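Predicted model only: the values in this text are computed from it and were never measured. Below, chains carry the letters A, B, ... as their sequence lines are ordered, and counting in each starts from 1.
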Amino acid sequence: MRASQYWFPTLREAPSDAEIPSHRLLLRGGFIRPLSAGLFNWLPLGQRVLAKVEQIVREEMNRAGAHEVLMPILQPKELWERSGRWETFKPTPLRVQDRSERWFCLGPTHEENITDLVAMDLGSYRDLPVTLYQIQAKFRDELRPRGGLIRCKEFIMKDAYSFGRTREDVDDAYEAMYAAYERIFERLNLPVVVVEAEEGSIGGSDTREFMLLSENGEDTVYMCDSCDYASNAECATARIPEPMAPVEHGERRLVDTPNAKTVEQVTRMLGVGPEKLVKTLLFRTDDQFVAALVRGDRTLNEFKLARAVPGDNLRMASDAEVQEFTGARVGFAGPVGLPDDVMVIADHEIATMRDFVTGANRDDAHFTGVNVSVDFEVDEYADLREACHGDACAHCEDGKLQARRCIELAHVFKLGTKYSEAIGATFQDADGSEQVAIMGCYGVGVSRIVAGVVERYHDDDGIIWPRECAPFDAAILLLSPDDEELRAVADNLYGELSEAGLEVLYDERDTSPGVKFAEADLIGYPVRAVIGRVTRNEGKIELRRRSDGHEEVVEIGAAVETTLSMLEGA
RNA sequence: CGGGGCGUGGCGCAGGUUGGUAGCGCGCCUGCUUUGGGAGCAGGAGGUCGCCGGUUCAAAUCCGGCCGCCCCGACCA
């Protein structure tokens, strides 16, 4: 590509509202331009990078035996009602109406659609297993887009779905996708951490997320500093402490705590630390009330609670329900003296506590000196709290959990039969019986990967693209475009490198050398060839690798070969 | 949705408290010079100061409302 004929507008300064490196550098380098919050245009350079990442994903999907399809972005409401997700999917899909006021959503994901598609033609167990995928724009009505390409309203995603006859089929497909993802990130030179995760709105099991560690990420993972345990903060587990042996305990006393509704207010008023408090959080299922107890300085994890509690539709009790059930305003609930029909579930840590503080189930009062088995009974202990930085690891002897920020780049789930049952993806098995296909789903944030790569690979001067996703393999900087001799050398090199199969940006513009150098560094071509003074004086071409600054000055005739070898290390 | 910040040529910003000709740097156009790390000189183009309303002889500036953008939080493949 001749730079003089290309469209790659760069900026000397990034817009002030771009804060993280990937956002700033992709704007400055002329890869993307904003349209609106969470919406970006892809300029030619950005489109090239995106296409490269897509192609890597495509190749690895195909290698893993998946087949590419393309489904509509626009999906009818009726389809989503069949799975029940029209109302429940979070974040709420973007919804639109056509001229006859029929509702559609802009697909945030395609489980319903793919299941319906496969169900149309699925007859025999002989049709299975199969894995289909697509690469396409997805839409999420995010509460708040942020970080440039990190979280957008519209983004490019690769979503794959596997259908199997048996659990083993799903396991195989899952393993194949998992391995494909490892290859994808290896090719992109991205060191990802695979972590345990929650299922969110998709539903399923064996969820793993592929995380790129980055201070500018918006997820948190806990990684053990000793073993290989790693988990998303939303489901990380710390080691369960040994229950404390029965010991002497104090007497329960009622104390006045006027208007002290929060842990902070209570601790301040009573002069004790939050680790001496027990928080009582009231929930309901369809059948019963649930009182969940965690230490005052801990955060309850609702996913964990929902798993530990029998019954459906766990939700936080409303203020009115709390008031009616406990007889006190919100903020004074406690486990002592609750009605019998409540399930009292406590985090394991509660079993290590003595003489703690709880709400008294009456306005403006708390108990001190409260003890399990003495003042109330716990129906069940479970891991309910969120893990914290420095917690003991549950999976090894003396490891500690370390909190790290990260960017989620991909996920894999086993879905089971949630969608195949709802949509009716059934087949006739060998014994003549009708069976429901078992599914898995596997997503890659393609556009987010672009941001991730830049977060991982940049310096003060600009982006340092790994070769596999660089917009061009190399750049030729012709510093003196008016010099016929030099121009001939550069033209020739351009031809030869192109001939050798490289994608080359040939900067033969009539601009100053400084501009060419600065833009080349900013845009981040893996290898840069300079044709200028050294070429004129010594008949040589300077080659420089962006990633490590490695430089070689070679005879004109050796430039192609050297460029190719330098690219190997890029 | 709560908290905070911002909105003035394409980008970065000043001006605003004290109302009175809209400014600077970069970029852009023309010409000449220049050509190894975002060149120099000269000339030039480009702005309903986010929008609507109010106060005033007069509003970028003061007041009210709205919109947009960014950050933090809540939430979240």
Scan nucleotides 26-34 of chain B nucleotide by nucleotide, 5' to 3', and note B when protein non-hydrogen atoms come under 4.0 Å of the base, S if they reach only the sugar-phosphate, - if neither.
SS-------
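A salt bridge links A:E321 with A:R284: the distance from a Lys NZ or Arg NE/NH1/NH2 to an Asp or Glu carboxylate oxygen falls below 4.0 Å. Look at A:D482 and A:R487 and you find no salt bridge, because none of the NZ, NE, NH1 or NH2 atoms lies under 4.0 Å from a carboxylate O.
Taking a pair to require two hydrogen-bonding distances under 3.5 Å in either a Watson-Crick or a G-U wobble arrangement, B:rG31 pairs with B:rC41. B:rC62 is paired with B:rG54 under the criterion used here, namely a Watson-Crick or G-U wobble arrangement in which both key atom distances are under 3.5 Å. Pair assignment for B:rG73 gives B:rC1, based on Watson-Crick or G-U wobble hydrogen-bonding distances that are each under 3.5 Å.
One finds a side-chain N or O of A:R146 lying less than 4.0 angstrom from the OP1 or OP2 phosphate oxygen of B:rG73. Side-chain N/O atoms of A:R144 include one lying less than 4.0 angstrom from OP1 or OP2 on B:rC71.
With A:Y174 as the aromatic partner, A:K414 meets the cation-pi criteria of under 6.0 angstrom to the ring centre and within 45 degrees of the ring axis.
Side-chain atoms of A:R151 and base atoms of B:rC76 include a donor and an acceptor less than 3.5 Å apart. Side-chain to base pairing of A:R528 with B:rG37: one donor and one acceptor N or O lie within less than 3.5 Å of each other.
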Worked verdict on A:F40 versus A:H23 for ring-ring contact (aromatic ring centres under 6.0 Å, His included):
CA-CA 11 Å; A:F40 286 94; A:H23 192 193; 5.6 Å; yes
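Minimum atom distance to the side chain of A:P15 is reached by B:rG12, of the listed B:rG12, B:rC71, B:rG36. Listed nucleotides: B:rC76, B:rG12, B:rA39. Nearest to the side chain of A:S16: B:rG12. Set against B:rG36, B:rG37, B:rA77, the side chain of A:L479 has B:rG36 as its closest nucleotide. For A:D17, counting side-chain heavy atoms from C-beta on, the closest listed nucleotide (B:rA39, B:rC71, B:rC70) is B:rC70.
For A:D459, the side-chain contact (heavy atoms from CB on, under 4.5 Å) partners are A:D461, A:I464, A:R546, not counting sequence neighbours. Listed by chain and residue number, A:Y6 satisfy the ring pair (Phe, Tyr, Trp, His ring centres under 6.0 Å) test with A:F8 (two or more places apart in sequence, or in another chain).
Note on A:R28: a base of the nucleic acid sits closer than 4.0 angstrom, heavy atoms only.
Where stacking is scored as ring centres under 5.5 Å apart with planes under 30°, A:F155 registers as stacked on the base of B:rA77.
Side chain of A:N301 to backbone of A:E234: a donor-acceptor contact under 3.5 angstrom is found.
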